[in-house]
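Before any comments, here is the structure.
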Amino acid sequence: MSEPLLSVRDMCVAYGGVEAVRGVTIDAKRGSIVTVIGANGAGKTTLLNAIMGVLPSAGAVSFDGAGIDRTPLEARVARGLCLVPERRELFSNMSVADNLELGGFRRSAAERAETLEQIYARFPRLKERRAQEAGTLSGGERQMLAMGRALMARPRLLMLDEPSLGLAPRIVRDVFDIIVDLRRDGVTILLVEQNARAALQIADYAYVLELGQVSASGAAVDIAADPRLVESYLGLGGGDY
Amino acid sequence: MDSTIVLFLVQDAIINGAIYALVAVALLLVFAVTRIILVPQGEFVAFAALTLAALHAGRAPPTVWLLVALGVLTFVSVAWRQRRFFDARTLAVAALANLALPIALALLAQAMAPLKLGLASEILLTIALVTPMGPMIYRLAFEPLAEASVLVLLIAAFGVHFSLTGLGLAFFGPEGVSTPALIQGSFMIGALVVTGQSLAVVLATVALLAALGWFFRATLFGKALRACASNRLGARLVGVSTSMAGRIAFGVAALIGAISGVLVGAISTIYYDSGFLIGLKGFVAAIIAGLSSYAGAGVAAIAVGLVESFSSFWASAYKEALVFAAIIPVLVWRSLVVGHIEEDEE
């Protein structure tokens, strides 16, 4: 179990001429919550998209001991890698139930039915709204649906991009509680958050990203206690978790 | 003009409108999933009618060679794109779908054609020969351009259309054909003579549209196609490959085209290039429906049929021009009502 589930080596991602991510190396241990914090534009979203395979990148990504650099995005989903993107990317003119069902597109019908029950148990709100179109949901419900849809794929690594963005504080708390629950169920989490204070409270390990490079990393408690980092990032987090 | 003539023209409009509705639905589906305006949809219609006519005459249709040729080209293209990232499984699947299947169908058609097993089996074989062309054309012409703009895709679609028309002339020759009616004879409803074939067209269209409705509402693959249309990135993030969705959409479009061809062959004489006008009228209906609403396209297709049948009665020399001119007031009205539409250039 010592080998990390996800291991990223020297990742570089360039948009046109600009390098948004430069030589980033990160690991995610099995069953842990790893958070990547940093200012707006530091390259956090780009990093997640590149790990998922949405964006092309240079460097090496290995998942569960196998290199996945040449694995297309859709096949990464089948292997157990899932991303809940910042913009949620739901199927807004389709029902909540259809969104969830499609989340399990790469799983068997039996697995889909079983996982759907678990997700309805975890998010009773989605069960109430299952016949409603996704586009008519509130912000919090949309985030729940995005997470539910990703969980339908039975991910081993769940990447969450700004899950608290635009949500009311009470709902942010629910979302973070769910993330902690997921770790208990054995899902490894890679969490990107502007709300660094809240992220560090639940994370085991943290990376700080500055201008596309890792400027600091360590146990989440140590990062939270670092006076320089506290000054640069934790002040911006806005509110306690 | 008396009521009998009006009823006759309306009947004509409904039959033609049903065919245009099928074309329009195929165009909407392909556009929603892939952003391609499938100009060659009419070619599937024409090729199916020509294939059925050949089979009914007891000849092996030239379609088999066209299918094998397309299959070989598609396989070579897929293999060439694999030269750097070799993946044996993908290549094996591509060989099965693009080499083994067309050759098996070709042999089957060669063996079956002289036996004259009856209309039903000939229709099934026609559909089996035309439908695989859809996914092949997608892989050959459009998959490498998947990320291109709508305009580039439209130009490519015209290229495919012109290529297929040329191939149609080479493979089928310039003679027109007509195919036997699915339901023989005719009967009277009041003063109106209704032919069995018009009933067959309407029934088959309604059944096919209902089946498509079921496919999109109730099956996982149908929902995956809708998901691609709704949010391409979202669809990829749940593991739906846009290339696979494109192949399915083209397959469904070719299937709809093949069935339309079986239906239309008994109504009018079909030549290798007849598909274009049928496709264009379906396109007019799709545009009237704003390239988005399936029900709207169905209604618009009947309206196109009405304009066509009444203008062919009053001014037959201008009937095509009047149908296409009908799109102008619709576009003016839409641009006034809808306002600015965001350009889709992801």
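Chain A is the first sequence line, chain B the second, and so forth, proteins listed ahead of strands; every chain is numbered from 1. Computed from heavy atoms alone, side chains included, the values below leave out hydrogens, waters and symmetry copies. From a predicted model like this one, the values you see are computed outputs, not experimental measurements.
More than 12 heavy atoms of other residues, nucleotides or ligands shown are found within 6.0 angstrom of CZ on A/R9.
The residue among B/A235, B/S230, B/A224, B/A229 with the most heavy atom pairs within less than 4.5 Å of chain A is B/S230.
Considering A/R149, A/E74, A/E101 as possible partners of B/V238, the one that fulfils the side chain to side chain contact (heavy atoms under 4.5 Å, CB included) test is A/R149. Checked options A/L83, A/N49, A/V54; the residue passing with B/L233 is A/V54 (criterion: side chain to side chain contact (heavy atoms under 4.5 Å, CB included)).
Only the side chain of A/R112 comes within less than 4.5 Å of a heavy atom in chain B; its backbone stays farther off. Heavy atoms closer than 4.5 Å to chain B are found in the backbone of A/L90, but not in its side chain.
Taking CZ from B/R226 and CG from A/N93, the interatomic distance works out to 7.0 Å, rounded to the nearest 0.5 Å. The CZ atom of B/R236 lies 9.5 Å from the CE atom of A/M52; values are rounded to the nearest 0.5 Å. Between B/N231 atom CG and A/M94 atom CE the span is 11.0 Å, to the nearest 0.5 Å. The CE atom of A/M159 sits 9.0 Å away from atom CG of B/L237, with the distance rounded to the nearest 0.5 Å.
In this structure, A/L102 and B/A227 approach most closely via the heavy-atom pair CD1-CB, 3.5 Å.
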